Amino acid sequence: MKTGIFVLLLLLATLLCVLCNALYINKVALEMENRLSDLSAPPAEDAKKEIDMLQAYWERQTPYLSLSVGFPLLDRIGEQLRLLGVYAENGDVFGYTEALTVLRDCMRDLCRLERCSVENLL
């Protein structure tokens, strides 16, 4: 009987951790999406400063995200953030727009992986 209760408590604790993890990842992705949508499509003069702040936020969150999110996705987001900053600094509108689009897609991928769906179970 004690073992059954212990197993049930362990299962509940695991489910709670999974739920908290999904909520945290979605919170970070939503914050990133909001900050990305604040960036103008042709880079403004202060775009580099905003991108640096965005990159600092991302780097603060990465150690926690890396506990459950795969390295390829985290690495791709970091690379695109650095590219976005370089393109904004150099005034490359095409590269800036492309990096911004890829970053938005990465954020959707990050959220997609945390949804409860049959696709994620397979």
Side-chain angles (χ1 to χ4, degrees):
M1 184 66 172
K2 289 181 184 181
T3 305
I5 292 172
F6 179 73
V7 168
L8 183 62
L9 289 175
L10 190 59
L11 176 66
L12 290 175
T14 302
L15 291 175
L16 182 64
C17 287
V18 168
L19 177 65
C20 289
N21 181 56
L23 290 174
Y24 174 73
I25 290 172
N26 285 319
K27 179 184 120 346
V28 170
L30 182 64
E31 178 67 23
M32 290 288 291
E33 284 179 352
N34 289 338
R35 289 184 182 199
L36 287 171
S37 64
D38 290 344
L39 296 174
S40 58
E45 289 186 21
D46 64 339
K48 179 65 173 138
K49 179 183 171 188
E50 292 178 24
I51 293 167
D52 288 342
M53 289 173 31
L54 181 64
Q55 192 167 1
Y57 173 77
W58 177 252
E59 288 173 359
R60 283 192 310 272
Q61 305 306 318
T62 301
Y64 306 112
L65 292 171
S66 66
L67 295 173
S68 62
V69 177
F71 175 74
L73 181 58
L74 295 178
D75 191 43
R76 186 169 61 155
I77 292 170
E79 288 172 355
Q80 290 301 317
L81 274 171
R82 288 187 292 280
L83 279 174
L84 188 68
V86 169
Y87 290 141
E89 191 173 15
N90 293 330
D92 182 353
V93 177
F94 176 74
Y96 176 86
T97 306
E98 181 183 13
L100 192 57
T101 304
V102 171
L103 266 170
R104 288 182 178 142
D105 183 54
C106 288
M107 291 302 117
R108 278 188 237 108
D109 287 347
L110 187 61
C111 288
R112 178 184 54 84
L113 295 173
E114 293 303 315
R115 273 190 301 237
C116 185
S117 68
V118 175
E119 177 186 352
N120 288 340
L121 295 175
L122 300 175

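These numbers were taken from a predicted model, which means no experiment stands behind them. One-based numbering along the sequence shown.
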Going only through I, L, V, M, F, W and Y residues with side-chain contacts under 4.5 Å, is there a path from M53 to V28? no
Among D109, L103, L81, whose side-chain contact (heavy atoms from CB on, under 4.5 Å) with R76 holds? D109
Can you name the one residue among I25, I77, T62 that meets side-chain contact (heavy atoms from CB on, under 4.5 Å) with V69? I25
Side chain D92, main chain G95, donor-acceptor under 3.5 Å: yes
Less than 4.0 Å between a side-chain N and a carboxylate O, is that true for E31 and K27? no
Single-linkage hydrophobic cluster, 4.5 Å side-chain cutoff, L39 and V86 together: no
So CG of L10 and CD1 of I5: to nearest 0.5 Å the spacing works out to 13.5 Å
How many angstroms lie between atom NZ of K48 and atom CG of D52, to the nearest 0.5 angstrom? 4.0 Å
Which Ile, Leu, Val, Met, Phe, Trp or Tyr residues join L15 in one cluster when any pair of side-chain heavy atoms under 4.5 Å counts as a link? L11
Here the pair of heavy atoms bringing C106 nearest to L73 is O-CD1, 4.1 Å
Between W58 and L65, is the side-chain contact (heavy atoms from CB on, under 4.5 Å) condition met? List the steps. CA-CA 10 Å; W58 177 252; L65 292 171; 3.6 Å; yes
Before accepting this row, confirm whether a basic side-chain N of the pair D105/R108 lies closer than 4.0 Å to the acidic partner's carboxylate O. yes
When rounded to the nearest 0.5 angstrom, what distance separates CG in L30 from CG in L110? 11.0 Å
How long is the straight-line distance from CG of D38 back to CG of L54, given to the nearest 0.5 Å? 9.5 Å
When rounded to the nearest 0.5 Å, the distance separating CG of L100 from OG of S40 is 9.0 Å
On a heavy-atom basis, which atom in P42 and which in Y96 lie closest, and how many Å separate them? C-CE2, 4.3 Å
Under 3.5 Å, is there a donor-acceptor pair between the Y87 and E98 side chains? no
Any D46 side-chain heavy atom under 4.5 Å of E50 side chain: yes
Least distance between heavy atoms, P43 atom then V93 atom: CD-CG2, 4.1 Å
I need the single residue from N21, N26, L19 that forms a side-chain contact (heavy atoms from CB on, under 4.5 Å) with L23. Which is it? L19
May I ask you to decide if L36's main-chain N or O and R104's side chain share a donor-acceptor pair within less than 3.5 Å? yes
Could you state the interatomic distance from CG (L74) to CD (Q61), rounded to the nearest 0.5 Å? 11.5 Å
